[in-house]
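We count ligands from 1, going down the list as the structure has it; atoms in each ligand are counted the same way.
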Amino acid sequence: MRIAYLDRTVHETDGEPKPNGDVSAISKSIDLQGSVETGDKTTIASKDFGGLYSIKPLALIKPAGSDDISRAIKAASRIPRMTVAARGNGHSINGQAMTNGGLVIDMRSTEENHFRLLNINGSFFIDVSGGALWENVLTRCVSRFGLAPRSWTDYLSLTVGGTLSNAGVSGQAFRYGPQISNVTELEIVTGKGDITVCSETRNPELFFGSLGGLGQFGIITRARVKLQPAPDMVRWIRVVYTEFDEFTRDAEFLVSRDDGESFDYVEGFVFCNNDDPVNGWPAVPLDPVHGFNPGIIPQTGASVLYCLEVAFHYQKVDHPSTVDKAVAGLLKRLRFVEGLKSQVDLSYVEFLLRVKRAEEQAKANGIWDAPHPWLNLFISKSNIVDFDQTVFKKMVKDGIGGPMLIYPLMRSKWDNRTSVALPDSEIFYLVALLPFVSRGPSVEESVAQNREIVEWCIKEGLDFKLYLPHYQSKEGWKRHFGDQWTRFVERKASFDPMAILAPGQNIFKRTHLS
Ligand code: FAD
């Protein structure tokens with residue numbers, strides 16, 4: 001009866017669902033424990049961190065839990081052309097968590113639904129809500145249990161469901177794999193509205209399909225995340241290279257070593273060989289007191305330089321000389337420019353919340369809320385030298401007004417049963433170009449440059465994938481998934497025949513934001 005009311009509300013808009021200001025009508029129609037917002041109250045769901053698109057939903061649903069989500073999906077599935085999108089913390093760049101005239105499910109309202117420690121055969125896990133922020137998972141796990149997840153993203157104001165729908169990578173992924181390699185069970189409300197628990201052995205097609213599944217199989221309401229003892233402290237170190245081959249040689253050396261024989265975190269970035277406050281030398285020092293001495297850079301230094309960023313975990317009870325010795329032992333194998341090294345010691349939680357501090361600064365300077373035309377790529381080791389020559393040394397040699405990350409990952413740490421598409425080679429690089437437009441080129445220039453880079457990768461036949469993909473054509477998606485295309489489509493059809501993939505709608509339409 002109530003669902004029929006929603007049917008009528010939407011049908012009356014002549015097929016194309018349009019935002020409807022009648023909150024009570026929609027709310028009553030689905031009969032939720034949570035709430036339904038329409039009109040101006042949906043504003044948050046019509047934008048994202050990218051700030052490139054503005055797309056109005058019909059309604060923003062704030063579910064109390066899985067039952068509400070199930071009801072909303074079932075209601076939506078009865079309405080032609082109705083689409084549903086889960087919204088985590090809306091930190092996508094290209095509108096991935098938006099839907100035009102559809103229902104947006106605000107997962108943040110379910111944050112508190114799950115938080116339970118489990119000890120399964122001597123290993124610890126935490127059951128958390130899909131709408132929980134990783135920063136809260138971190139602080140709660142460390143303060144209550146002295147335990148922490150093993151694999152992170154650089155920035156933690158992202159939801160569990162949002163990063164698991166992509167991959168979730170940072171400097172720990174070379175050892176533990178991405179976040180999607182560190183969950184053992186999910187509860188998902190499928191596109192049919194079924195509340196389903198899945199794992200490697202129970203409904204495995206749904207489990208693996210949803211990991212890296214771009215929100216296309218259903219809505220992750222709970223995840224079981226592997227934990228390990230949290231270290232107390234981290235020594236965070238940056239060293240500088242003038243030569244790309246030496247930088248990659250050392251980075252690959254570190255990520256290929258066995259546990260206990262390398263750093264606990266390995267990342268890197270490219271910066272300009274000049275005094276530009278955003279793109280240049282000042283981007284390197286961790287310890288502002290000591291600064292950056294450009295006089296040490298060898299004459300061979302070109303327009304861009306490379307910074308390897310590593311971290312070493314330790315406990316407060318460890319003697320300082322033991323830590324110094326272990327770190328020195330690892331550093332002595334590396335060929336960075338002597339003297340161009342910066343380091344700080346900080347708590348493990350402070351280290352993992354390092355981008356939060358940058359966010360606070362950026363907010364104070366008014367640059368956090370400007371658009372972010374960011375580009376993330378996975379590029380095969382076999383093509384990374386070409387990429388450096390053309391992209392870093394030519395196209396972006398003057399900087400982009402934000403970080404340019406580059407670090408290696410190991411394919412063998414990823415499970416090829418998930419939905420994520422990766423380059424073929426065992427070692428591939430994450431490259432992230434992250435401009436803040438108020439500090440660099442305009443939005444249009446950055447978007448055009450991103451397009452130029454991707455087109456160049458395609459033209460040159462590079463073995464690469466877009467990370468956080470957002471293609472606008474079926475051809476683009478087919479190329480992206482390659483051999484995995486059929487598996488993705490078949491899996492999706494079995495879990496989401498109607499609601500999320502509504503008749504006449506499909507992944508391309510939902511992510512195609514024209
Ligand atoms: P949203 O943007 O809200 O959603 C992302 C996608 O997931 C959408 O398709 C949405 O429909 C779907 N979705 C959301 N919740 C669910 C759910 N519960 N169930 C099913 N589908 C769902 N990524 C990395 O891997 N490593 C990084 O270091 C990293 N750093 C970042 C730093 C910043 C400052 C920002 C803005 C982003 C960063 N990202 C990084 C990218 C980030 O992981 C993705 O954008 C992620 O999707 C954002 O999470 P979110 O909770 O905001 O998701």
Under a heavy-atom criterion of less than 4.0 Å, does Trp152 contact ligand 1?
no
Indicate yes or no: does Arg222 engage Glu185 in a salt bridge with an N to O separation below 4.0 Å.
yes
So is Leu468 in contact with ligand 1, going by heavy-atom distances below 4.0 Å?
yes
Hey, does the side chain of Trp152 reach the backbone of Pro149 with a donor-acceptor pair shorter than 3.5 angstrom?
yes
Regarding Tyr407 and Glu309, do their side chains bring together a donor and an acceptor under 3.5 Å, going by distance alone?
no
Report, in ascending order of atom number, the atoms of ligand 1 lying under 4.0 Å from any heavy atom of Gly218.
20 (C)
Would a distance-only check, ignoring hydrogens and angles, find a side-chain to backbone donor-acceptor pair under 3.5 Å from Glu426 to Ser412?
yes
May I ask which of Ser92, Ala85, Pro178 has a heavy atom nearer to atom 4 (O) of ligand 1 than the others do?
Ser92
Can you sort out which atoms of ligand 1 are near Asp154, meaning under 4.0 Å from one of its heavy atoms?
27 (C), 28 (O)
Would you check the N or O atoms of Thr153, main chain and side chain alike, for any that come under 3.5 Å of an N or O of ligand 1?
no
Tell me whether Ser170 reaches ligand 1 (any heavy atom closer than 4.0 angstrom to a ligand atom).
no
Numbering the atoms of ligand 1 from 1, which are under 4.0 Å from a heavy atom of Gly168?
25 (O)
Relative to the heavy atoms of Thr163, which atoms of ligand 1 are at a distance of less than 4.0 Å?
43 (O)
For Gly215, the ligand 1 atoms with a heavy-atom partner under 4.0 Å come out as 21 (N)
